[in-house]
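Below: the structure, in structure tokens.
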2 protein chains.
Amino acid sequence: MAEIKLTQGQKELVERLGVFYEKSGMQPASCRVMALLLVADQTELTFEEIQQSLSISKSATSGAINLLLTVNRVEYITRPGERKRYFRAKIMNWKEDMLKKIEEMTAMSVLLKEISKQRPKSTKEFNHTLIEMVSFLEFLQTEMPTIFKKWESKK
Amino acid sequence: MAEIKLTQGQKELVERLGVFYEKSGMQPASCRVMALLLVADQTELTFEEIQQSLSISKSATSGAINLLLTVNRVEYITRPGERKRYFRAKIMNWKEDMLKKIEEMTAMSVLLKEISKQRPKSTKEFNHTLIEMVSFLEFLQTEMPTIFKKWESKK
DNA sequence: TTTTTAGTTCTGCAAATACAGAACTAAGTA
DNA sequence: TACTTAGTTCTGTATTTGCAGAACTAAAAA
């Protein structure tokens, strides 16, 4: 039987980080799983370990994990001769994740551009502000590699 | 009677931008209002104009607007001798908004730091990645003014 | 003083969400 | 062959949300 023991402090961290993740709109159970995978001493947990340490049902566990798998926040490995999967947070590729987030913001800038195109010329300042936002978002995206480089060199 | 006429194209833009905003977890009606205030020819709309052009109830309109006011995405002005308020998107301060978003991300980095502190030393790579994320988020926050400056100079 | 305007607030309901529990499945084990 | 393991899938239900509709309020207008 699986037995992951969390200290009181760890349990609190799971809840706090879980609540933080919830703000992004993800379902509570997935948020808890994500948090657990960062907080637990072991970085690779089985289905059962996740289920029992969060005290949630199998269906909730299954749903939560699969959601995280499809949005690419979690991955799993297997071990030779074992059928069960070991789930872990996909944090190694946090840089790509961040780039993707920036790209999502730039997706909005496409919409903003469309909007500014169809606006009447009379609302000059407003239109200008829109265009500035678009410009900055596009700049930010192209600038990200440089920002990463600068950070690396400063470490 | 208020009469804001939206073209078909504008209506579609309101929906598309509205859906985009919904991804952030905000309630649909607020997202439509936000989108409308960017798309409509007039940049300042009254309660009634918002209500009728989105075809939503007064209570939904009230709730949506007040939410946007409290999260500082919308503001209103009044005109001498008029009681009604004219609502408009608060886009002039998009820079501060962006800084605030970065700060929210850094709020997470506080949690991540706590987590990395309580982790066992044995999961070395994992811990290191966590610390790197924290480090980058903090760097990004301090770097934002520089990034803005670079963008301005490039325009 | 009644009426209009510009909203707010209070039910109540319909739809969506999130999860538990139980039945099920597919692969490996005894 | 039956049994265990590691999940998945299918109800059902409790909770949350999102909004309509109606009643209400406070200021101004008639």
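Values in this document were obtained by computation on a predicted structure and should not be read as measured data. Below, chains carry the letters A, B, ... as their sequence lines are ordered, and counting in each starts from 1.
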Detail all sub-3.5 Å separations between protein N/O atoms and N/O atoms belonging to nucleotides 12-15 of chain D.
none

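- Within a 6.0 Å sphere centred on CZ of A/Phe139, heavy atoms belonging to other residues, nucleotides or ligands number more than 12.
- Taking CG of A/Leu112 as the reference point, atom OG1 of A/Thr129 lies at 11.5 Å (rounded to 0.5 Å).
- A/Val19 belongs to no hydrophobic cluster with other residues, because no ILVMFWY side-chain heavy atom falls under 4.5 Å from its own, directly or through intermediates.
- The side-chain heavy atoms of B/Ile91 and B/Leu38, taken from C-beta on, include a pair separated by under 4.5 Å.
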Between A/Val74 and A/Lys90, is a side-chain contact (heavy atoms from CB on, under 4.5 Å) present by the stated rule, with each step listed? CA-CA 5 Å; A/Val74 158; A/Lys90 242 184 146 176; 5.8 Å; no

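- With values rounded to the nearest 0.5 angstrom, B/Leu54 atom CG is found 11.5 Å from B/Cys31 atom SG.
- The salt bridge (Lys or Arg N to Asp or Glu O under 4.0 Å) check on B/Glu138 picks up B/Lys113, with sequence neighbours excluded.
- Side-chain nitrogen and oxygen atoms of B/Arg85 include at least one within less than 4.0 Å of the OP1 or OP2 phosphate oxygen of C/dT8.
- For A/Ile50 and D/dT8, the CD1 to P distance is 11 Å, given to the nearest whole Å.
- Atom CG in B/Leu54 sits about 11 Å away from atom P in D/dC19, given to the nearest Å.
- The separation between A/Gln52 atom CD and D/dA6 atom C1' is 15 Å, rounded to whole Å.
- Taking atom OH of B/Tyr86 as the reference point, atom C1' of C/dA6 lies 11 Å away to the nearest angstrom.
- Distance B/Glu48 CD to C/dT4 P: 14 Å, rounded to the nearest Å.
- The ring-ring contact (aromatic ring centres under 6.0 Å, His included) test applied to B/Phe136 returns A/Trp94, A/Phe148, A/Trp151, not counting sequence neighbours.
- Here salt bridge (charged side-chain N to carboxylate O under 4.0 Å, His left out) pairs that include residues 97-109 of chain A, with residues two or more places apart or in two chains, number zero.
- Within residues 62-81 of chain B, the residues having any heavy atom under 4.0 Å from DNA chain C are, by residue number, B/Ser62, B/Asn66.
- Helix-axis bend for the helix from C/dT1-D/dA30 to C/dA30-D/dT1: the local axis fitted to the five terminal pairs at one end deviates from that at the other end by 10°, rounded to 10°.
- Sorted by first and then second residue, the salt bridge (charged side-chain N to carboxylate O under 4.0 Å, His left out) pairs involving residues 124-134 of chain B (not counting sequence neighbours) are A/Lys155-B/Glu132.
- Near DNA chain D, meaning a heavy atom under 4.0 Å from it, residues 12-35 of chain A has no residue at all.
- Contact check for A/Ser62 versus A/Phe47: side-chain heavy atoms found under the 4.5 Å cut-off.
- In this structure, the salt bridge (Lys or Arg N to Asp or Glu O under 4.0 Å) partners of A/Glu143, at least two apart in sequence or on a different chain, are B/Lys150.
- Here CD1 of A/Ile50 is found 6.0 Å from CZ of A/Phe87. Values are rounded to the nearest 0.5 Å.
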Using atom names, set out every protein N or O paired with an N or O of nucleotides 20-26 of chain C below 3.5 Å, distance rounded to 0.1 Å.
residue: C/dA20; atom: OP2; partner: A/Ser57; partner atom: N; Å: 2.8
residue: C/dA20; atom: OP2; partner: A/Ser57; partner atom: OG; Å: 2.6
residue: C/dA20; atom: N7; partner: A/Ser59; partner atom: OG; Å: 2.7
residue: C/dG21; atom: O6; partner: A/Ser59; partner atom: OG; Å: 3.0

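- Rounded to an integer number of Å, the gap from A/Phe87 CZ to D/dG7 C1' is 8 Å.
- A/Ser116 meets the side-chain contact (heavy atoms from CB on, under 4.5 Å) test with A/Leu130, A/Ile131; sequence neighbours excluded.
- A cation-pi arrangement is not found for A/Arg88 relative to B/Phe126, the charged atom failing to lie both closer than 6.0 Å to the ring centre and inside a 45° cone about the ring normal.
- For the pair B/Lys84 NZ and C/dA6 C1', the interatomic distance rounds to 9 Å; values are reported in whole Å.
- Atom CD of B/Gln10 sits about 9.5 Å away from atom CD1 of B/Ile4, to the nearest 0.5 Å.
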